Amino acid sequence: MSKSKQKDGFFKDAQDVARLIPKGRVSTYGAIANYLSSAKAARMVGWAMNAASNDASVPAHRVVNRIGMLSGKNHFETLSRMEELLLKEDTKVKDGQIVDFEKLFWDPILELTGVDPYPKKS
DNA sequence: ACACTGACCACTG
DNA sequence: CCAGTGGCCAGTG
């Protein structure tokens with residue numbers, strides 16, 4: 001990061017995927033991580049967002065944890081910044097959680113590859 | 001160069 | 001059902 005050129009890596013990819021999230025939709029760290037590598041790299045996605053917090057082109061506010069909670073709001077300029085940004089995009093937020101999260105959920109795997117990562121329960 | 005940490009998730013017991 | 005633990009990648013001390 002400090003270097004002018006960013007080597008291709010998880011960060012770059014995660015930020016790139018974040019930019020693909022349509023306005024008014026939200027995604028999760030795990031989904032993005034799973035799309036890039038595995039769900040276990042979810043932590044890095046959050047970190048990538050933090051690294052990109054200076055980059056306004058990366059809608060980090062559209063990325064929440066798996067239960068639709070604004071877990072990363074503490075890393076924004078202000079605690080209410082993330083929620084405000086979401087509300088501006090018609091994304092309802094209630095008590096720190098995305099309303100109708102299931103409907104607004106944008107899964108890169110499902111949307112970009114067409115493969116349903118969540119096989120129906122047996 | 002080693003160890004630890006981090007906006008998380010899924011699997012085990 | 002709740003608690004515990006491993007794991008992923010990159011950056012920092």
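Given the structure is predicted, the values throughout are model-derived calculations rather than measurements. Just so we're on the same page: letters track the sequence lines, and every chain starts at 1.
The separation of dT5(C) from dC4(B), taken at their P atoms, amounts to 16 Å, rounded to a whole angstrom.
Contact check on Asp100(A) versus Lys94(A) returns no salt bridge, with no Lys/Arg side-chain nitrogen under 4.0 Å from an Asp/Glu carboxylate oxygen.
If you measure from atom OH of Tyr29(A) to atom P of dC9(B), you get 8 Å, rounded to the nearest angstrom. With rounding to whole Å, Phe11(A) atom CZ is found 12 Å from dC9(C) atom P. Distance Met49(A) CE to dA7(B) P: 14 Å, rounded to the nearest Å. As a whole-Å value, the separation of Glu83(A) CD from dA7(B) P is 20 Å. With rounding to whole Å, Met44(A) atom CE is found 10 Å from dG7(C) atom C1'. Atom CD1 of Ile32(A) is separated from atom P of dC9(B) by 11 Å (rounded to the nearest Å). Following rounding to the nearest Å, Asn50(A) (CG) and dT5(B) (P) show an atom-to-atom distance of 18 Å. The distance between atom CD1 of Ile109(A) and atom P of dC9(B), rounded to the nearest whole Å, is 13 Å.
Pairing for dG6(C) is with dC9(B), a Watson-Crick or G-U wobble pair whose two hydrogen-bonding atom distances lie under 3.5 Å. If you check dG13(C) for Watson-Crick or wobble pairing at under 3.5 angstrom, you find it paired to dC2(B).
Proximity note for Trp47(A) (side chain, C-beta onward) versus dG6(B), dC9(B), dA7(B): the nearest is dG6(B). Ranking dA7(B), dC8(C), dC9(B) by closeness to the Ala42(A) side chain, first place goes to dC9(B).
Ile98(A) has its side chain out of reach of Phe105(A): every pair of non-hydrogen atoms, C-beta onward, lies at least 4.5 Å apart. With a 4.5 Å cut-off on side-chain heavy atoms, Val64(A) and Met82(A) count as touching.
The side chain to side chain contact (heavy atoms under 4.5 Å, CB included) with Val26(A) is formed by just one residue from the set Ile21(A), Leu86(A), Val63(A), Leu70(A); it is Leu86(A).
Residue Asn65(A) is in sugar-phosphate contact alone, with no base atom involved, counting any heavy-atom pair closer than 4.0 Å across all strands shown.
Considering only side-chain N and O atoms, Ser38(A) lies nowhere under 4.0 angstrom from the phosphate OP1 or OP2 of dC9(B).
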Given salt bridge (charged side-chain N to carboxylate O under 4.0 Å, His left out), test Glu89(A) with Arg62(A) step by step and report yes or no. CA-CA 10 Å; Glu89(A) 300 182 351; Arg62(A) 294 182 195 152; 2.8 Å; yes
